[in-house]
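Here is the structure we will look at, set down as structure tokens.
If you read the sequence from its start, that first residue is 1, and numbering goes on from there. Keep in mind that the numbers below use all heavy atoms, side chains included, and drop hydrogens, waters and symmetry copies.
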Amino acid sequence: MVQPDLLAELVRHVATLVASPSTTKVDAKLDAKLFSDAELILPNHITPQQTLDLVKSLAALLQVVQSDPTPIVNLLVKLLEPFTLDNILAFEPPIDFVTGLNTAAPICINRLMLELLGKATSKASEAAVLAGLQGVVGAVVTCWLTTGDVGVAQKAGRLLVYLLRIDLVREGGLGQGLVWKRVFGDVDVYRLLFSLCSLQDEHKLGKARKGEGLLAFTVLGMVDATEDLLMGVSLVDFYSALLGTKGSPTSSPPLEWLIGKGVHDRTAEFYLGDSDSIESRFLYGPAANYLAKYAELYPMHYLGSNMAGKVNARLLVALDQSPARWAHAESPKYDLHLLASVPRTSLLVHTSSLANYGNRSPLSLLPSKATNADVLNTLATIFHGPPKEELTFPPSATSSEKGSRDDIEASLTRMLYYNYLAENPLFWQNITRHADTIALVDLALAAINCIAAVATANWSTTSTLAMPNATFPTPPTGHLAILSPPALEYTLPYLLAPAKSFSHLVGGRGDSESAAYRIGVAKHEALKSLQRKIEEQARAEPGEGYDEILATISRRVATGVTGNREGEVGGRVATMDM
């Protein structure tokens with residue numbers, strides 16, 4: 001059907017429907033295919049005046065149609081794509097957005113209203129116009145919080161976010177803050193956030209007093225985790241996000257607020273407590289993530305509280321598993337994440353916070369033989385030390401304080417590594433065996449990550465604490481530790497050897513060969529990292545023998561990922577010695 005005929009047929013059909021809206025008549029039923037064809041063809045092939053006339057006809061049809069209006073709405077959305085909000089607001093008669101956003105209206109009508117209002121998110125000036133429309137922002141909020149359709153709720157929520165974002169008053173920006181004032185300053189709109197989300201039948205909000213505000217209501221009055229566990233998980237995740245706002249290593253307003261409201265201890269108890277309730281099981285992981293964020297962002301506050309000892313006590317229980325469980329059962333990933341996030345001083349057995357929990361560090365429970373990828377990645381994170389940050393000039397008091405704290409952490413990292421190595425003398429033998437186990441790709445990659453983490457570690461020697469009684473050298477840096485016993489016997493031969501391959505085995509293609517190549521790439525990158533460190537060492541200490549080591553490493557790096565496989569009679573599928 002050509003465009004003129006299609007437009008004419010659609011106009012006749014719409015006129016018939018408007019004249020005879022009852023769907024009991026066969027000739028008055030909505031032709032869904034006709035509307036679908038029109039949606040695909042007409043918007044780009046009719047004049048602006050034809051578009052405007054058709055929009056008016058379809059708007060009139062929406063007032064009387066008794067069948068599903070979705071085909072009409074879909075066509076309207078396409079036709080109105082080039083229209084601005086000013087164009088939309090100029091329609092006569094005016095569009096009743098408030099009625100269209102009512103959840104009693106068809107879902108497609110809600111969607112149409114949100115689509116049209118979404119045009120205000122392209123310019124700050126149009127967002128300001130929308131904020132001035134009587135009752136519209138409140139209708140969007142009501143639709144967002146009361147609709148039973150997930151798609152409409154998401155669309156309404158995104159509309160509010162985008163409006164607030166473009167209306168934000170910032171330096172050099174055009175936002176006027178009128179949407180913000182409407183949402184959070186208009187008591188009729190602001191009340192909706194409380195009344196529609198409150199667990200109570202009615203939540204009073206006087207004009208003169210708004211209680212403790214939306215934050216307190218969101219945290220304390222909107223979710224009952226015992227009744228809705230999924231919302232409880234979202235709420236604990238929100239606590240973690242709230243902790244992430246800017247503060248010092250000692251504290252921050254969000255942290256103090258959470259502590260003052262009892263939220264901090266209550267959340268921690270989901271992880272620390274012994275309860276076996278379904279609520280505790282559901283919230284155990286999110287609570288562990290909350291504590292990890294707390295310990296990482298506020299290490300001084302964490303160490304100064306009683307939380308460090310309690311967390312270690314829980315970790316000593318959670319990580320005390322048999323070799324079979326470590327190798328084959330589900331990994332305790334939340335506990336491992338928390339272990340990797342706490343200040344390293346809390347993992348040393350001399351720490352006063354451990355006085356009541358024995359003299360064993362949770363770190364000592366992580367196995368290197370019968371193990372899993374999560375364990376090895378946790379060891380890599382801990383042994384690597386704090387990340388190095390770029391120096392700023394002039395240095396601020398905050399950066400100087402952080403630099404001093406990181407130096408202490410770097411020194412304690414070195415101690416933790418040698419303490420662990422003293423208790424696990426076969427660590428590097430196990431690591432290189434895992435790294436060569438192509439059949440277990442995740443485990444192999446995690447083992448290589450351990451090698452690279454130590455080779456590039458951020459260590460320091462400033463700590464005055466005694467090193468462990470060890471029969472091996474304790475060099476000051478990670479890359480020298482890799483080149484010293486007991487690592488040297490295993491790590492360097494592994495890194496210098498050609499990459500293993502499945503290519504000579506029956507079926508050695510596809511995923512298997514891809515896994516071998518991924519492992520080969522990771523191994524090559526680890527060797528290159530060690531090469532860079534040895535280059536720095538050779539420049540700092542010329543004539544100390546590092547040039548010879550560097551030359552050997554450089555020759556292997558030059559051969560690429562696969563290396564020289566001459567003489568290799570076949571790939572090797574290593575198996576774990578459990």
Between [X] and [Y], which heavy-atom pair has the shortest distance, and what is it?
X      : Y      : value
Val521 : Val561 : N-CG1, 3.5 Å
Thr461 : Pro476 : CG2-CB, 3.6 Å
Val557 : His524 : O-NE2, 3.0 Å
Pro493 : Glu489 : CG-O, 3.4 Å
Ala288 : Leu338 : O-CD1, 4.0 Å
Ala435 : Ala447 : N-CB, 3.6 Å

My understanding is that only one of Ser368, Cys450, Pro367 makes a side-chain contact (heavy atoms from CB on, under 4.5 Å) with Val375; could you say which? Pro367
Among Asp167, Val161, Leu159, side-chain contact (heavy atoms from CB on, under 4.5 Å) partner for Leu163: Leu159
Donor-acceptor pair, [X] side chain versus [Y] backbone, under 3.5 Å?
X      : Y      : value
Asn419 : Met415 : yes
Thr432 : Tyr490 : no
Asn424 : Leu426 : no
Trp180 : Leu164 : yes
Glu409 : Arg344 : yes
Arg314 : Leu272 : yes
Asn458 : Pro386 : yes
Ser341 : His337 : yes

Polar contact flag, side-chain donor to acceptor under 3.5 angstrom, [X]-[Y]:
X      : Y      : answer
Asp407 : Ser460 : yes
Tyr284 : Asp335 : yes
His264 : Tyr239 : no
Arg556 : Thr559 : yes
Ser252 : Tyr298 : yes
Ser411 : Arg414 : no

Separation between [atom1] of [X] and [atom2] of [Y], rounded to the nearest 0.5 Å:
X      : Y      : atom1 : atom2 : value
Leu243 : Thr267 : CG    : OG1   : 9.0 Å
Glu544 : Ile549 : CD    : CD1   : 11.0 Å
Asn377 : Leu445 : CG    : CG    : 9.0 Å
Trp326 : Ser322 : CH2   : OG    : 10.0 Å
Ser484 : Leu488 : OG    : CG    : 7.0 Å
Arg532 : Gln537 : CZ    : CD    : 15.5 Å

Within-4.5 Å side-chain heavy-atom neighbours: [X] and [Y]:
X      : Y      : value
Met307 : Tyr294 : yes
Leu363 : Phe383 : yes
Leu258 : Leu242 : yes
Leu347 : Leu339 : yes
His384 : Val454 : no
Ile519 : Ile448 : yes
Val441 : Arg518 : yes
Ser346 : Val342 : yes

Trace of the side chain to side chain contact (heavy atoms under 4.5 Å, CB included) decision for Leu315 with Leu365: CA-CA 9 Å; Leu315 289 173; Leu365 295 175; over 6 Å; no
Output, in order, the C-alpha distance, side-chain angles, deciding distance and verdict of side chain to side chain contact (heavy atoms under 4.5 Å, CB included) for Ser361 and Tyr420. CA-CA 10 Å; Ser361 169; Tyr420 184 88; over 6 Å; no
Got more than 12 heavy atoms from elsewhere within 6.0 Å of CD, Glu330? no
Does atom CZ of Arg325 have more than 12 heavy-atom neighbours, drawn from other residues, nucleotides or ligands, at distances under 6.0 Å? no
Check: Trp428 ring centre within less than 6.0 Å of Tyr494 ring centre: no
How about Phe270 and Tyr290: are their ring centres within less than 6.0 Å of each other? no
Any carboxylate oxygen within less than 4.0 angstrom of a Lys/Arg side-chain nitrogen, looking at Lys293 and Glu296? no
Assess the residue pair Ile451 and Leu530 against the criterion (side chain to side chain contact (heavy atoms under 4.5 Å, CB included)); give the C-alpha distance rounded to whole Å, side-chain angles, the decisive distance to 0.1 Å, and a yes or no. CA-CA 9 Å; Ile451 299 173; Leu530 180 60; over 6 Å; no
Evaluate the side chain to side chain contact (heavy atoms under 4.5 Å, CB included) criterion for residues Ile431 and Leu376: first the C-alpha distance (whole Å), next the side-chain angles of each, then the deciding distance (0.1 Å), finally the verdict. CA-CA 9 Å; Ile431 288 297; Leu376 298 188; 3.8 Å; yes
